[in-house]
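Written out below as structure tokens is the structure these notes cover.
Just so we're clear, the structure is a prediction, and the values are computed from it rather than from any experiment.
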Amino acid sequence: QVQLVESGGGLVQAGGSLRLSCAASGNIFSINAMGWYRQAPGKPRELVATITTNLNTDYADSVKGRFTISRDNAKSTVYLQMNSLKPEDTAVYYCAAALQHKPKIRDYGSTGDYNYWGQGTQVTVSS
């Protein structure tokens with residue numbers, strides 16, 4: 001079992017920054033990749049960024065150059081640094097953990113690739 005707890009969401013003006021954190025506990029050594037997803041009202045859950053155990057990263061085109069995913073193994077925490085925020089970034093942000101090893105980072109592209117989810121944290125960007 002793996003438990004994930006997100007924090008760091010809030011209200012920010014367009015152009016501002018936020019850093020989300022996802023603290024993992026439990027059987028963390030079974031995790032092969034971590035992802036950040038987001039879901040806006042009435043829209044499907046969207047993959048934002050992925051990081052693997054060997055620190056490979058991948059991003060959705062909509063956030064490239066603005067968001068950075070990173071991890072601190074000593075703290076069992078994954079971060080999502082979000083800069084130059086836009087109103088369209090408004091969503092509930094979820095972190096997720098994938099247990100299965102996959103050859104390519106983009107193989108972690110579907111919600112079904114992830115075994116555990118956090119409860120989500122709201123990010124609201126005002127214009």
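The closest side-chain heavy-atom distance from Val78 to Ile51 is below 4.5 Å. By the 4.5 Å heavy-atom criterion applied to side chains, Thr52 and His101 are not counted as neighbours. Side-chain contact between Met82 and Leu20 is present, with at least one heavy-atom pair separated by less than 4.5 Å.
Minimum heavy-atom separation, Ser126 to Leu11: CB-CD1, 4.4 Å. Of all the heavy atoms in Ala14 and Ser127, the pair that sits closest is CB-CA, 4.4 Å. Heavy-atom minimum distance, Val92 versus Gly120: CG1-CA, 3.9 Å. Looking at every heavy atom in both residues, Ile28 comes nearest to Ser76 through CD1-OG, 3.1 Å. When every heavy atom of Ile31 is checked against every heavy atom of Thr53, the shortest pair comes out as O-CG2, 3.2 Å. In this structure, Cys22 and Trp36 approach most closely via the heavy-atom pair CB-CZ2, 3.6 Å.
The 12-atom threshold is exceeded at NZ of Lys64, counting heavy atoms of other residues, nucleotides or ligands nearer than 6.0 Å. Under a cut-off of 6.0 angstrom, the local environment of NZ in Lys75 is sparse, with at most 12 non-hydrogen atoms contributed by other residues, nucleotides or ligands. Crowding of Gln119 atom CD: a count of heavy atoms from other residues, nucleotides or ligands under 6.0 Å exceeding 12.
No side-chain donor-acceptor contact under 3.5 Å links Thr50 and Asp58. In summary, the side chains of Tyr79 and Arg19 do not present any donor paired with an acceptor at a separation below 3.5 Å, with no hydrogens or angles considered.
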Walk me through whether Val63 and Arg38 qualify under side-chain contact (heavy atoms from CB on, under 4.5 Å).
CA-CA 12 Å; Val63 306; Arg38 67 186 180 187; 4.0 Å; yes
### Task
Determine, stepwise, if the pair Val2 / Ser30 fulfils side-chain contact (heavy atoms from CB on, under 4.5 Å).
CA-CA 9 Å; Val2 173; Ser30 65; 4.2 Å; yes
For this session: Please step through side-chain contact (heavy atoms from CB on, under 4.5 Å) for the pair Leu18 and Val123, ending with a clear verdict.
Result: CA-CA 9 Å; Leu18 282 175; Val123 171; 3.9 Å; yes
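Interatomic distance, Met34 CE to Cys95 SG, rounded to the nearest 0.5 Å: 4.5 Å. Atoms CD and CG, from Gln3 and Asn27 in turn, are 9.5 Å apart once rounded to the nearest 0.5 Å. Note that CG of Leu4 is 12.5 Å distant from OG of Ser21, once rounded to the nearest 0.5 Å. With rounding to the nearest 0.5 angstrom, the OG1 atom of Thr124 is 11.0 Å from the CG atom of Asp89. In this structure, CG in Asn54 is found 8.0 Å from CD1 in Ile105, a value given to the nearest 0.5 Å.
Between the side chain of Tyr37 and the backbone N or O of Ser110 there is at least one donor-acceptor pair closer than 3.5 Å. One N or O on the side chain of Asp113 and one on the backbone of Gly109 form a donor-acceptor pair closer than 3.5 Å. In this structure, Thr90 contributes its side chain and Val125 its backbone to a donor-acceptor pair below 3.5 Å. Checked by atom type and distance alone, the side chain of Tyr108 pairs as donor or acceptor with a backbone atom of Gln100 at under 3.5 Å. Using modelled atom types, one side-chain atom of Asn32 and one backbone atom of Leu99 make a donor-acceptor pair closer than 3.5 Å. A donor-acceptor contact shorter than 3.5 Å is absent between the side chain of Arg66 and the backbone of Gln81.
Just one of Glu88, Glu46, Lys86 meets the side-chain contact (heavy atoms from CB on, under 4.5 Å) condition when paired with Ser62; it is Glu46.
Using a 30° and 60° split on the angle between ring planes, Phe67 and Tyr93 fall in the tilted class, from 30° to 60°. Trp117 and Tyr94 have perpendicular rings, their planes meeting at more than 60° on a 0 to 90° scale where under 30° would count as parallel.
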